[in-house]
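Indexing begins at 1, ligand by ligand and atom by atom, following the structure's order. Nothing here was measured: the structure is a model prediction, and the numbers come from that model.
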Amino acid sequence: MIAARKPVVEVSGAGPAGLAAALAVAAAGQHARVYEKHADVGSRFHGDFQGLENWTTREDVLEELAFLGINADFEHVPIREVVGFDPAGVMKIVRSAQPLFYLVRRGAQPGSLDYALKEQALAAGVEIRFRSPASHLPNGGVVSEGPRRADAIVAGYLFDTDMADGIYMAVSEELAPKGYAYLLINQGRGTVATCLFVDFHNERRYLDRSIDFFENQVGLRMYNQRRFGGSGNFSLPRTARKGNILYAGEAAGFQDPLFGFGIRWALLSGAAAGRALATGNPGQYDQVWKRRMRPYQQTAATNRWIYERLGNRGYSFALRQFPKDGDARDRLCRSYTPRWWKRGWYHIAAAGRVKPLLKLRTDCDCTWCRCERHSSP
Ligand SMILES: Cc1cc2nc3c(=O)[nH]c(=O)nc-3n(C[C@H](O)[C@H](O)[C@H](O)COP(=O)(O)OP(=O)(O)OC[C@H]3O[C@@H](n4cnc5c(N)ncnc54)[C@H](O)[C@@H]3O)c2cc1C
């Protein structure tokens, strides 16, 4: 039921960013209307496991989400141990006292992150219009339509398995150039994939090699496997605002450019955008995301610049840097901590890796300015 006479804030896209925005609008006592082009939430995904990262800040991500009014009532498994492999197949187990990340499922099914966010939004009175693509937001709103460019791609399989739970990652130019391959097993379900940052045309070859690798190293056994894949983009825009239109999540390019983790930044930016509009202060949005996220994005872009130059020998070296008895989360957290030289190097060299995604025109209300066919007459 739509509450009468409440101001309406419109949102385009019911992914994590859009639903976080809608929840923030509802929490501010306004009405949020979300347009989603598909028949349900999470249609980019099919039940695959993803990681909600917990290493960029000392604060636990679930506490940060709770502060934003987002409940962790989705399935989430705390991961404190990851088995890493270097290009020669040398194994390194990294551990952490606090969760390195939370394993979540993506897609429309109950228990997934997307399903839980949808249920929270509906319970808060958010109106979601499925099968309703938006191309204009004449009264302003939040654009959270996901990626528009492929800076990285993921190709993999979902499957059933009788393997024990485990989290595995391999860094090798033969398996995932400039990226990484991963195998995630939980409660009889698994996801295996290669995440590439270059040479996308050979994704099939890298995926086959990754599967062979995990079969040999950890006895990967897949039953009832289904292919999945997708892309992601990274960008660090000067502004994520066009008048009363605010861009959030991957629509703004907000994603960790080092490893391609975008969920946390989608939720944070979405919540900030929704709050800014609901409080009648859209100009606040740029300030908020720049304060909370920009230093980390610059650091992560510099980390990516370095990572792309490592090659196989460098990957082995990097993996060895995780001390045997040290805390892996602490180590990762330090590598993401904004530092003057990383910020400086970002401006000198690394910014090229996160090319601007948004080229905003100020004279139209279309939700996607790079595509000018939607611009107003
Ligand atoms: C295979 C794969 C694995 C990944 N693994 C991880 C991981 O382990 N950890 C992590 O943090 N991140 C991961 N990511 C990235 C993460 O999924 C995204 O960064 C995150 O989903 C971005 O959220 P979003 O809300 O910005 O966009 P999306 O989740 O893409 O949601 C956008 C929504 O907008 C809708 N939409 C699009 N256009 C319109 C329109 N015109 N009108 C209305 N609706 C529209 C779409 O249908 C979609 O529902 C992965 C991505 C892929 C592809």
Looking only at distances, please establish whether an N/O atom of ligand 1 is found under 3.5 Å from an N/O atom of [X].
X      : answer
Pro133 : no
His38  : yes
Ser43  : no
Phe228 : no
Ala248 : no
Arg106 : yes

State the atoms of ligand 1, each with its element, that fall below the 4.0 Å cut-off from a heavy-atom position in [X].
X      : answer
Ser12  : 40 (C), 42 (N), 43 (C)
Gly260 : 12 (N), 13 (C), 14 (N)
Ser144 : 32 (C), 33 (C), 34 (O)
Val154 : 1 (C), 2 (C)
Gly249 : 26 (O)
Gly146 : 27 (O), 30 (O), 32 (C)
Gly230 : 53 (C)

Inset, instruction - For the residue pair Gln297 and Tyr346, confirm or rule out a side-chain donor-acceptor distance under 3.5 Å. - result: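 No, no side-chain donor-acceptor contact under 3.5 Å.
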Legend entry - Ionic contact status for Glu127 with Arg33, cut-off 4.0 Å: yes
Inset, instruction - Give a yes or no on whether a salt bridge exists between Arg292 and Glu59, defined as a side-chain N under 4.0 angstrom from a carboxylate O. - result: no
Quick test: of every protein heavy atom, which one is nearest to [atom], and how far off is it to 0.1 Å?
atom                    : answer
atom 12 (N) of ligand 1 : Gly262 N, 3.0 Å
atom 34 (O) of ligand 1 : Gly13 CA, 3.2 Å
atom 15 (C) of ligand 1 : Gln255 OE1, 3.1 Å
atom 52 (C) of ligand 1 : Phe45 CE2, 3.7 Å
atom 25 (O) of ligand 1 : Ala17 N, 2.9 Å
atom 45 (C) of ligand 1 : Lys37 CG, 3.8 Å
atom 6 (C) of ligand 1  : Gln50 OE1, 3.2 Å
atom 31 (O) of ligand 1 : Gly15 CA, 3.3 Å

Legend entry - Close side-chain approach of Tyr336 and Glu53, heavy atoms under 4.5 Å: no
Inset, instruction - Check whether any side-chain heavy atom of Pro237 sits under 4.5 Å from a side-chain heavy atom of Phe254, and report yes or no. - result: yes
Backbone of [Y] reached by a side-chain donor or acceptor of [X] within 3.5 Å:
X      : Y      : result
Ser144 : Gly13  : yes
Lys92  : Gly84  : no
Tyr285 : Tyr247 : yes

Heavy atoms only, cut-off 4.0 Å: how does [X] contact ligand 1, side chain, backbone, both, or neither?
X      : answer
Pro147 : side chain
Ile263 : both
Pro16  : both

Return the minimal non-hydrogen interatomic distance between [X] and [Y], and the atom names on each side.
X      : Y      : answer
Tyr206 : Glu173 : CE2-O, 3.9 Å
Ile128 : Lys118 : CD1-CG, 3.9 Å
Ala24  : Arg275 : CB-N, 3.7 Å
Asp73  : Ala116 : OD1-CB, 3.5 Å

Inset, instruction - Examine Arg304 relative to Phe197 and say whether NZ or CZ is less than 6.0 Å from the centre of the six-membered ring and inside a 45° cone about the ring axis. - result: yes
Inset, instruction - Begin from the C-alpha positions of Met163 and Phe214 and carry the test side-chain contact (heavy atoms from CB on, under 4.5 Å) through to its verdict. - result: CA-CA 12 Å; Met163 294 173 69; Phe214 286 122; over 6 Å; no
Say whether [X] and ligand 1 are in contact under the criterion: heavy-atom distance to a ligand atom below 4.0 Å.
X      : value
Ala134 : yes
Ala193 : no
Cys195 : no

Inset, instruction - Give a yes or no on whether Leu267 and Phe74 share a hydrophobic cluster (residues Ile, Leu, Val, Met, Phe, Trp, Tyr; joining criterion: side-chain heavy atoms under 4.5 Å apart). - result: yes
Legend entry - Nearest candidate to atom 9 (N) of ligand 1, where distance is taken over non-hydrogen atoms, out of Ala251, Ala108, Gly51, Gly18: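 Looking at heavy atoms only, Gly51 sits closest to atom 9 (N) of ligand 1.
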Inset, instruction - Could you check which of Glu36, Glu53, His46, Arg44 puts a non-hydrogen atom nearest to atom 28 (P) of ligand 1? - result: Arg44
Legend entry - Working for salt bridge (charged side-chain N to carboxylate O under 4.0 Å, His left out), residues Arg105 and Glu75: CA-CA 7 Å; Arg105 275 193 305 136; Glu75 290 172 14; 3.2 Å; yes
Legend entry - Name of the residue among Phe101, Tyr102, Phe261 meeting side-chain contact (heavy atoms from CB on, under 4.5 Å) with Leu52: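 When side-chain contact (heavy atoms from CB on, under 4.5 Å) is applied between Leu52 and each of Phe101, Tyr102, Phe261, only Tyr102 qualifies.
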